Peer 1: 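This is the structure, below, for whatever I ask next.
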Amino acid sequence: MTTPQHPEDFLHSIRTRSAAEDGIFWVDDTRLGVFEPEAARRVSAENWHRFVLHDRLIDMLRRRRSPEVRWSEIRSAWLTQLHTLSTPEHHGSLVDRMQRIIDERLGEGVDLVMLTQDVALRSMLPVALSGLTSSEAEVVRRDLELKLLRLVSPEPAGVWHHLKFIAVQLRSGLVVRRVLRQRADGRRGRELDLADPFVDLLPRLGMDRALDVVTTVLTAIGGPPGTAAASLLYEFVRHPEWQERLTEELSAVDPVAFRTAPTHAAPVTHRFVKEVLRLWSPPLLLVRRTKFPFDFGKARLEPGDWYLLSPHLIHRDERVWKQPDVFDPDRFLPGAPHGPADRSCYVPFGWAPKKCVGANIGTVQLMALCHLLCTRYRLTVDRPESLTMALRFAPVPEDFRGRLALR
Ligand code: HEM
């Protein structure tokens with residue numbers, strides 16, 4: 001069987017097949033779809049258990065073995081930094097950065113997908129890699145923007161674009177290497193960001209693997225946070241009744257409580273964000289390769305086989321969600337009859353032990369965006385009645401143009 005070219009048709013066809021075939025089936029000749037919640041949880045848990053950071057190609061060519069570094073060490077370094085960054089002051093700085101970026105574009109007619117992407121990425125960049133000069137930040141931002149454009153663009157990129165993409169990627173890699181090296185030899189100050197723990201680990205990791213680790217975070221902040229923010233704006237526009245509920249809650253919320261623990265201070269807004277992430281989880285498909293054999297009963301994976309996971313398909317599965325295509329944040333009220341059947345059915349941040357380390361700060365950022373939309377800005381959208389969502393690597397609102405003005 002061949003894969004239909006258009007991602008939308010492809011997704012539609014596997015959703016239909018997934019419903020008929022209980023979530024586990026060969027999507028094509030080489031990839032097994034694992035869209036049943038419990039099977040997806042199990043394959044992720046077993047596949048990444050004791051995962052070790054690979055040697056780079058260059059190590060293999062030189063027949064050099066790098067010291068073993070477990071992925072769990074990398075993740076715990078990230079999580080420790082993120083825990084330290086989880087204070088009202090740091091949340092406040094994130095919001096200030098978001099606000100500054102939106103303020104630069106006030107009143108201008110803009111592509112709202114690109115604007116939310118810019119806001120999400122540039123405000124999160126100092127969390128990932130801080131203390132950059134403006135030209136260094138520009139190179140890194142440009143690299144991430146080109147990566148995203150390749151993913152969301154409906155047209156395949158031409159040769160010229162491909163060459164430009166590689167050149168920018170190389171320059172961005174050089175920036176990261178320089179930052180790590182200069183922090184290690186004291187020419188640059190240490191920072192509270194997700195790159196800094198790897199300065200101390202450089203002797204064990206080596207520069208190539210340290211670059212891979214930092215690139216993982218940069219790529220992670222360059223995609224899902226921005227597309228999730230665009231989806232949030234999309235549902236905000238489509239549901240004036242929810243705009244009202246959010247505005248009521250957020251205009252009365254205590255600012256300190258909101259900066260300290262937004263999900264507790266603003267539960268209605270939290271439900272709204274959770275529902276946006278249920279309906280429009282980015283990325284739509286995760287492609288993985290198994291290191292172990294798995295027997296799912298009706299299908300088997302052998303080591304080296306590819307499989308697909310999809311939070312999106314699990315969130316749209318009628319066997320575990322009632323009316324999955326309906327946008328209703330109240331399904332997250334405790335005991336709601338149309339709520340998640342169990343924890344394995346709601347996976348916008350993926351699965352342990354590879355689950356997104358930025359889940360909390362990503363949620364804080366989306367809630368802060370709601371706060372800004374309800375208390376500081378007024379959003380106007382061109383042709384709100386004809387808005388649609390395209391399914392590319394992630395859900396992307398189509399022809400989503402409008403402007404933000406001060407209230
Ligand atoms: C709403 C925003 C976000 C969404 C929807 C999201 C979603 C995801 C998903 C689905 C994965 C893959 C998990 C898996 O393979 O099972 C992932 C991985 C990851 N995310 Fe996020 N993410 C978001 C924001 C962030 C932010 C803000 C950061 C960093 C500050 C971040 C850092 C990472 C990292 C480092 C990984 C790779 C984890 C690993 O390989 O162990 N994410 N994210």
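Start at 1 and go down the list; that is how both ligands and their atoms are numbered. Predicted model, so just to flag it, every value in this text is computed and none were measured.
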Peer 1: Provide the number and element of each atom of ligand 1 under 4.0 Å from a heavy atom of Ile221.
Peer 2: 28 (C), 29 (C), 30 (C)
Peer 1: What atoms in ligand 1 come closer than 4.0 Å to a heavy atom of Arg75?
Peer 2: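 Those atoms are 38 (C), 39 (C), 41 (O).
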Peer 1: Which residue and atom name correspond to the protein heavy atom nearest atom 12 (C) of ligand 1, and how close is it?
Peer 2: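 Of the protein heavy atoms, Arg288 NH2, 4.0 Å lies nearest.
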Peer 1: Identify whether the distance between the nearest side-chain nitrogen and carboxylate oxygen of Arg41 and Asp342 falls below 4.0 Å.
Peer 2: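 Not counted as a salt bridge, because no side-chain N and carboxylate O are separated by less than 4.0 Å.
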Peer 1: Who's the nearest protein heavy-atom neighbour of atom 26 (C) of ligand 1, and how far?
Peer 2: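 For atom 26 (C) of ligand 1, the nearest protein heavy atom comes out as Gly358 CA, 3.7 Å.
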Peer 1: Does Ala128 have a heavy atom less than 4.0 Å from any atom of ligand 1?
Peer 2: no
Peer 1: Can you confirm if the NZ or CZ of Arg75 lies within 45° of the ring axis of Trp78 and under 6.0 Å from the centre of its six-membered ring?
Peer 2: no
Peer 1: Using non-hydrogen atoms of the residue, decide whether Leu194 is closer than 4.0 angstrom to ligand 1.
Peer 2: yes
Peer 1: Got the closest protein heavy atom to atom 22 (N) of ligand 1, with its distance?
Peer 2: Cys356 SG, 3.0 Å
Peer 1: Is the number of heavy atoms from other residues, nucleotides or ligands under 6.0 Å of Glu244 CD greater than 12?
Peer 2: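 No, the 6.0 Å shell around CD holds no more than 12 heavy atoms from other groups.
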Peer 1: Kindly confirm or rule out an N or O of Lys354 lying under 3.5 angstrom from an N or O of ligand 1.
Peer 2: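 Yes, since at least one N or O of Lys354 sits under 3.5 Å from an N or O of ligand 1.
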Peer 1: Is Arg300 paired with Glu302 through a side-chain N to carboxylate O contact shorter than 4.0 Å?
Peer 2: yes
Peer 1: Measure the distances from the heavy atoms of Pro348 to every atom of ligand 1 and state whether one is below 4.0 angstrom.
Peer 2: yes
Peer 1: When you measure from atom 39 (C) of ligand 1 to each heavy atom in Trp71, Phe349, Phe51, which option holds the nearest one?
Peer 2: Trp71
Peer 1: Select one of side chain, backbone, both or neither to describe which atoms of Gln365 lie under 4.0 Å from any atom of ligand 1, heavy atoms only.
Peer 2: neither
Peer 1: Hey, which of Asp317, Ile14, Leu309 is the one that makes side-chain contact (heavy atoms from CB on, under 4.5 Å) with Phe35?
Peer 2: Ile14
Peer 1: Checking side-chain polar atoms at under 3.5 Å, does Trp280 have a donor or acceptor matched by the opposite partner on Glu235?
Peer 2: yes
Peer 1: Which bit of Ile74 is near ligand 1, meaning a heavy atom under 4.0 Å away: side chain, backbone, both or neither?
Peer 2: neither
Peer 1: Which of these, Leu211, Val217, Leu218, Thr216, sits in a side-chain contact (heavy atoms from CB on, under 4.5 Å) with Val214?
Peer 2: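 The side-chain contact (heavy atoms from CB on, under 4.5 Å) with Val214 is passed solely by Leu218 among Leu211, Val217, Leu218, Thr216.
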Peer 1: Relative to atom 34 (C) of ligand 1, which among Gly362, Pro224, Ala220, Gly223 owns the nearest non-hydrogen atom?
Peer 2: Ala220
Peer 1: Would Glu136 and Arg178 pass as an ion pair if we require N to O under 4.0 Å?
Peer 2: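 Judged by the 4.0 Å cut-off on N to carboxylate O distance, Glu136 and Arg178 do form a salt bridge.
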Peer 1: Regarding Glu104 and Arg122, does a basic nitrogen lie under 4.0 Å from an acidic carboxylate oxygen?
Peer 2: yes
Peer 1: As an exercise, identify every atom of ligand 1 less than 4.0 angstrom from a heavy atom of Trp351.
Peer 2: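 What qualifies from ligand 1 is 16 (O).
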Peer 1: Distance to 0.1 Å, residue and atom name: give those for the protein heavy atom nearest to atom 37 (C) of ligand 1.
Peer 2: Thr216 CG2, 4.2 Å
Peer 1: I need the nearest protein heavy-atom contact for atom 2 (C) of ligand 1: residue, atom name and distance, please.
Peer 2: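 Answer, as residue, atom name and distance: Pro225 CA, 3.8 Å.
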Peer 1: Would you please test Phe332 and Tyr346 for ring-ring contact (aromatic ring centres under 6.0 Å, His included) and show each step?
Peer 2: CA-CA 10 Å; Phe332 288 102; Tyr346 185 62; 5.0 Å; yes
Peer 1: Please find the pair of heavy atoms, one from Leu391 and one from Leu284, that lie closest to each other, and give the distance.
Peer 2: CB-CD1, 3.7 Å
Peer 1: For atom 27 (C) of ligand 1, what's the nearest protein heavy-atom neighbour? Residue, atom name and distance, please.
Peer 2: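 Ranking protein heavy atoms by distance from atom 27 (C) of ligand 1, first comes Met124 CE, 3.6 Å.
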